[in-house]
Amino acid sequence: MASNLFNFMTIEDIETICDQFPAVTKDIKWEEYLCFNVGGKMFLITSPDAVPPNAAFKVTPEEFEELASRDGFKPAPHLARYKWVHINDVSRFTKTEWEFYAQQSYNLVVAKLSLKLKNALGL
């Protein structure tokens, strides 16, 4: 969905959303990507210095083809086989869409964590 003046999303907005999830950590990978992690596993990757800022995140297998074929989206390089999509401008999603897809990506990654790690993280 195209952004308008009232729902223009930024990396900071996405960071605010992700910071609400339990046990989230952030780090810089590959010198330029702000990554959001849970249990040491990435669930969202952003390029804050890119113009426009872009991101990649995990989706369900059912959503992968549909989302990856939308204008401004593509299978995420190096991560597509794990059902990650890349969005070329974070403002293509509304805040509500980011809340949904960031939460879903987080949940998909948490589901793959070991029970021992989930317990250690309080999840």
Side-chain angles (χ1 to χ4, degrees):
M1 292 183 182
S3 176
N4 64 38
L5 193 59
F6 302 108
N7 69 7
F8 183 80
M9 290 295 291
T10 66
I11 297 295
E12 292 78 15
D13 295 328
I14 294 168
E15 189 171 11
T16 298
I17 291 167
C18 292
D19 283 345
Q20 297 174 37
F21 306 150
V24 167
T25 60
K26 296 176 272 195
D27 63 359
I28 303 294
K29 293 190 190 309
W30 310 291
E31 300 178 15
E32 62 183 291
Y33 298 94
L34 174 61
C35 299
F36 298 87
N37 315 289
V38 59
K41 304 288 185 186
M42 296 183 299
F43 69 90
L44 194 125
I45 303 168
T46 65
S47 295
D49 296 330
V51 179
N54 56 73
F57 52 95
K58 188 170 180 62
V59 296
T60 66
E62 298 78 23
E63 293 169 320
F64 180 73
E65 292 299 326
E66 187 273 323
L67 265 179
S69 66
R70 282 173 56 177
D71 188 38
F73 293 78
K74 66 181 181 183
H78 312 294
L79 294 168
R81 69 176 177 236
Y82 303 111
K83 306 302 181 207
W84 281 64
V85 293
H86 177 267
I87 181 172
N88 70 1
D89 181 346
V90 299
S91 66
R92 285 186 178 274
F93 271 166
T94 64
K95 180 179 184 210
T96 301
E97 288 170 312
W98 271 117
E99 288 169 340
F100 174 81
Y101 285 106
Q103 180 75 62
Q104 177 177 264
S105 184
Y106 170 89
N107 291 344
L108 289 167
V109 171
V110 166
K112 298 278 188 178
L113 299 177
S114 70
L115 184 58
K116 182 178 178 181
L117 184 53
K118 287 181 199 176
N119 288 338
L121 295 172
L123 301 174

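For this chain, numbers begin at 1 and follow the sequence in order.
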Exercise. With side chains defined as the heavy atoms from C-beta onward, is the minimum distance between W84 and I45 less than 4.5 Å?
Worked result: yes
Exercise. Any chain of hydrophobic side-chain contacts (each under 4.5 Å) joining V24 to L117?
Worked result: yes
For this session: Verify the neighbour count for atom NZ of K41: are there more than 12 heavy atoms of other residues, nucleotides or ligands below 6.0 Å?
Result: no
Problem set entry | Inter-residue atom distance T16.OG1 - E99.CD, 0.5 Å rounding | 10.5 Å
For this session: Report yes or no: does S47 contribute a side-chain atom to a donor-acceptor pair with the main-chain N or O of A50 at less than 3.5 Å?
Result: no
Exercise. Does the pair V90 and I14 meet the rule for a side chain to side chain contact (heavy atoms under 4.5 Å, CB included), with working shown?
Worked result: CA-CA 9 Å; V90 299; I14 294 168; 3.7 Å; yes
Seminar exercise, completed: When every non-hydrogen atom of P22 is compared with those of V38, the smallest separation belongs to O-CG2, 4.1 Å
For this session: Decide yes or no on side chain to side chain donor-acceptor pair (under 3.5 Å) for N54 and D89, but give the supporting numbers first.
Result: CA-CA 5 Å; N54 56 73; D89 181 346; over 6 Å; no
Seminar exercise, completed: Rounded to the nearest 0.5 angstrom, the CG-CZ distance for N88 and F73 is 8.0 Å
Exercise. Of the non-hydrogen atoms in W98 and L44, which two are nearest, and what is the gap between them?
Worked result: CZ3-CD1, 3.7 Å
Exercise. Are a donor atom and an acceptor atom from the side chains of E63 and Q104 found within less than 3.5 Å of each other?
Worked result: yes
Problem set entry | Least distance between heavy atoms, L121 atom then G39 atom | CD1-CA, 3.5 Å
For this session: Spell out, yes or no, whether Y82 and L67 are grouped together once hydrophobic residues are joined by side-chain heavy atoms under 4.5 Å, including indirect joins.
Result: no
Exercise. Given D13 and T10, is the side chain to side chain donor-acceptor pair (under 3.5 Å) satisfied, shown in steps?
Worked result: CA-CA 5 Å; D13 295 328; T10 66; 3.2 Å; yes
Problem set entry | Distance-minimising heavy-atom pair for S105 and K58 | OG-N, 3.1 Å
Exercise. Would a 4.5 Å heavy-atom cut-off, applied to side chains only, mark E97 and M9 as touching?
Worked result: no
Exercise. Is it true that I11 and Y33 fall in one hydrophobic cluster, defined by side-chain heavy atoms closer than 4.5 Å?
Worked result: no
Exercise. Quick one: do K26 and E15 make a salt bridge, cutoff under 4.0 Å?
Worked result: yes
For this session: Measure up the Y106 and F21 rings against each other and bin them: parallel (under 30°), tilted (30 to 60°), perpendicular (over 60°).
Result: tilted
Problem set entry | Evaluation steps, side chain to side chain contact (heavy atoms under 4.5 Å, CB included), between I17 and Q103 | CA-CA 8 Å; I17 291 167; Q103 180 75 62; over 6 Å; no
Exercise. Are any of the side-chain heavy atoms of F43 and C35 separated by less than 4.5 Å?
Worked result: no
For this session: Would you sort out whether E65 and V59 count as a side chain to side chain contact (heavy atoms under 4.5 Å, CB included), showing the intermediate values?
Result: CA-CA 10 Å; E65 292 299 326; V59 296; over 6 Å; no
For this session: Report yes or no: do W30 and F36 belong to one cluster of Ile/Leu/Val/Met/Phe/Trp/Tyr joined by side chain heavy-atom distances under 4.5 Å?
Result: no
For this session: Return the minimal non-hydrogen interatomic distance between F64 and A80, and the atom names on each side.
Result: CZ-O, 3.8 Å
Problem set entry | Closest heavy-atom pair and its distance - E66, S69 | O-OG, 3.0 Å
Exercise. What's the spacing between D27 CG and L34 CG if we round to 0.5 Å?
Worked result: 8.0 Å
Exercise. How many angstroms lie between CD in E31 and CD1 in I28, if you round to the nearest 0.5 Å?
Worked result: 10.5 Å
Exercise. With Y101, which residues qualify under ring-ring contact (aromatic ring centres under 6.0 Å, His included), at least two apart?
Worked result: F57, F93
